[in-house]
Protein chains: 2
Amino acid sequence: MTEITPGFDFAVSIDCVLFGFDGSELKILLIERNEEPFKDWWALPGNLVNKEESVDQSAQRILKELTGLSDIYMEQYYAFGDVDRHPQGRVISVAYYAMLRLGGEKPLKPLSSYAKKAQWINVADLPKLAFDHQHILNKGLEKIKRRIKHLPLAFELLPEKFTLTQVQSVYELILGKKLDKRNFRKKILSFKVLKELEEKQRGVSFRAATLYKFDKRKYNKLFGKEISF
Amino acid sequence: MTEITPGFDFAVSIDCVLFGFDGSELKILLIERNEEPFKDWWALPGNLVNKEESVDQSAQRILKELTGLSDIYMEQYYAFGDVDRHPQGRVISVAYYAMLRLGGEKPLKPLSSYAKKAQWINVADLPKLAFDHQHILNKGLEKIKRRIKHLPLAFELLPEKFTLTQVQSVYELILGKKLDKRNFRKKILSFKVLKELEEKQRGVSFRAATLYKFDKRKYNKLFGKEISF
DNA sequence: ATATAACGTGTATTTTTTACACTAAGTAAT
DNA sequence: ATTACTTAGTGTAAAAAATACACGTTATAT
């Protein structure tokens, strides 16, 4: 039993894994680093926690500084703490994820010089990532796979008004497999958290699909949907 | 946007939430602290991570030092990082949980003077805990509730040979509700991870129940059992 | 007008979940 | 040995959920 007295000599960082869906592709938000180590590499948006903020607050601040995004609800999912995960010292990283709808609206503008730019990158076509970020991302993907099987949570990824086919696409992309259209619709509608709108899709070639909205009130009443005993 | 450059001035700690089942009660492993702050209080086994060990390794070491237990597989479940959670500085705590069978065999002997003693305490009868340990524990309980609904994992809590009634007790204690005996048995046996033994219970008043064993091979083939689409 | 491509729908079968109550077997006391 | 006691162990029917599967409809583009 080694008896080294440990001190206050760690750093704690946040890494954010943001999944985005643009209507057809599943993407991840990455930044291009502007600082050593791993200058010019792609990385998850992340930085060190300050002393006077909680890790939750820190996650919000860091995401904003590096990407310009604010008020994104992120959920913590794991702390990465291998000894050599950071080349410049002992840094424990707490990882958060969120799922987002993507539209033209949101400009990605790093407010800090720490990132050269922020960009949504197709999950199917990722570059090599800095640090252990590929590992962090993989664990995040596992997390959301499990998550969308529990509660129909992929709505966070969808635009305000969406078609059932889009919902199915999101599920298929995350789960990595094809689903049966009729059964999928039956199931999704059975949760009773979708409101069918009068409106139809616009600006598409071929037949336009009915649009739906997500009913938050009813949604919040759901919870659990777990194995029964 | 405050621009304070953060340094390596955090500490990282581990807290272990060990659930134990002694055949009839659900218990938690606590220590009585021998150091300030919270000297003489009950607390979860926990301490600071050393610089030359990973957080996973640290969890193993700390558990051993404070309770004498080793080679317990623990799973990380959350990092607690509020600013004021530790009165003596900025300490982020990474929490781990495990589920254990309890028998006379294991002596609880703190190897470090940090703990006066370690003791299994009934979950239904907990003392006030140091720091934010009640909160950490609550979150751990939620975790294992979800967990045993997914995979029949409560076997970690049971002795090598056990009766179906014992399995049901564990589930009832963790879930906090009564279950139907026939349906419970049907379900548990349907997982096909139990081997019925020739042997019967011994040393009980009244009719002895058949003993079962957990079949690890078959168990490892299970995984997921999630909502289907 | 026609071709195109995605939309939208129903049923039968199987599997899973739920609700529900009595007999069997072993122990302890008399 | 009889009896009283306590826990073990078992089945079925009804309801709900999951699965497998194919074609007519409709808006758009040419």
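Each chain gets a letter, A, B and so on, in the order the sequences are listed, and its residues count up from 1. Computation of the quantities below employed the complete heavy-atom set of this structure, encompassing side-chain atoms and omitting hydrogens, waters and symmetry-equivalent molecules.
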Hits for side chain to side chain contact (heavy atoms under 4.5 Å, CB included) against B/Gln201, two or more places apart or cross-chain, chain-then-number order -> B/Thr163, B/Val204, B/Ala208, B/Ala209, B/Leu211

(Q) Any side-chain N or O of A/Lys187 below 4.0 angstrom from OP1/OP2 of D/dA18? (A) yes

Worksheet item: Is A/Thr210 near enough to C/dC7 that one of its side-chain N or O atoms lies under 4.0 angstrom from OP1 or OP2?
Response: no

One would report the end-axis bend of the helix from C/dA1-D/dT30 to C/dT30-D/dA1, five pairs per end and rounded to 10 degrees, as 10°

Original post:
Strictly by modelled atom types, are A/Ser190 and A/Arg185 linked by a side-chain donor-acceptor pair under 3.5 Å?
Top reply: no

Would you please say whether a donor-acceptor pair under 3.5 Å links the side chains of B/Asn138 and B/Glu142?
no

Starting from [atom2] on [N], measure out to [atom1] on [X] and report it in whole angstrom.
{"X": "B/Arg185", "N": "D/dA8", "atom1": "CZ", "atom2": "P", "result": "7 Å"}
{"X": "A/Asn183", "N": "C/dT11", "atom1": "CG", "atom2": "C1'", "result": "11 Å"}
{"X": "A/Lys186", "N": "C/dT13", "atom1": "NZ", "atom2": "C1'", "result": "11 Å"}
{"X": "A/Gln201", "N": "C/dA6", "atom1": "CD", "atom2": "P", "result": "11 Å"}
{"X": "B/Lys178", "N": "C/dA19", "atom1": "NZ", "atom2": "P", "result": "16 Å"}
{"X": "B/Tyr212", "N": "D/dA8", "atom1": "OH", "atom2": "C1'", "result": "10 Å"}
{"X": "B/Leu189", "N": "D/dG9", "atom1": "CG", "atom2": "C1'", "result": "11 Å"}
{"X": "B/Lys181", "N": "D/dT6", "atom1": "NZ", "atom2": "P", "result": "15 Å"}

Is there any protein nitrogen or oxygen under 3.5 Å from a nitrogen or oxygen in nucleotides 27-30 of chain C, and what are the pairs?
{"residue": "C/dT27", "atom": "O4'", "partner": "B/Phe206", "partner atom": "N", "Å": "3.2"}

By nearest-heavy-atom nucleotide on DNA chain D, the more 5' of A/Lys200 and A/Arg182 is A/Arg182

- Which part of the nucleic acid, if any, lies within contact of A/Ser190, taking any heavy atom under 4.0 Å across all strands shown: a base, the sugar-phosphate backbone alone, or nothing? nothing

For this session: Describe the nucleic acid contact of A/Thr163 in one word from base, sugar-phosphate, nothing, applying a heavy-atom distance below 4.0 Å.
Result: nothing

Tested for side-chain contact (heavy atoms from CB on, under 4.5 Å) against B/Tyr114, the lone hit among B/Leu66, B/Asn34, B/Ile62 is B/Leu66

Find out whether the Lys NZ or Arg CZ of A/Lys139 is both under 6.0 angstrom from the six-membered ring centre of A/Tyr78 and within 45° of the ring's axis.
-> yes

- Should the pair A/Phe214 and A/Phe155 be assigned to parallel (<30°), tilted (30 to 60°) or perpendicular (>60°) ring geometry? parallel

Can you find a heavy atom in the side chain of A/Leu126 that is under 4.5 Å from one in the side chain of A/Trp42?
no

Polar side-chain atom of A/Glu75 near backbone of A/Ala98 as donor-acceptor pair, under 3.5 Å: no

Check your understanding: Ring centroid separation for A/Phe131 and A/Phe38, is it under 6.0 angstrom?
Key -> yes

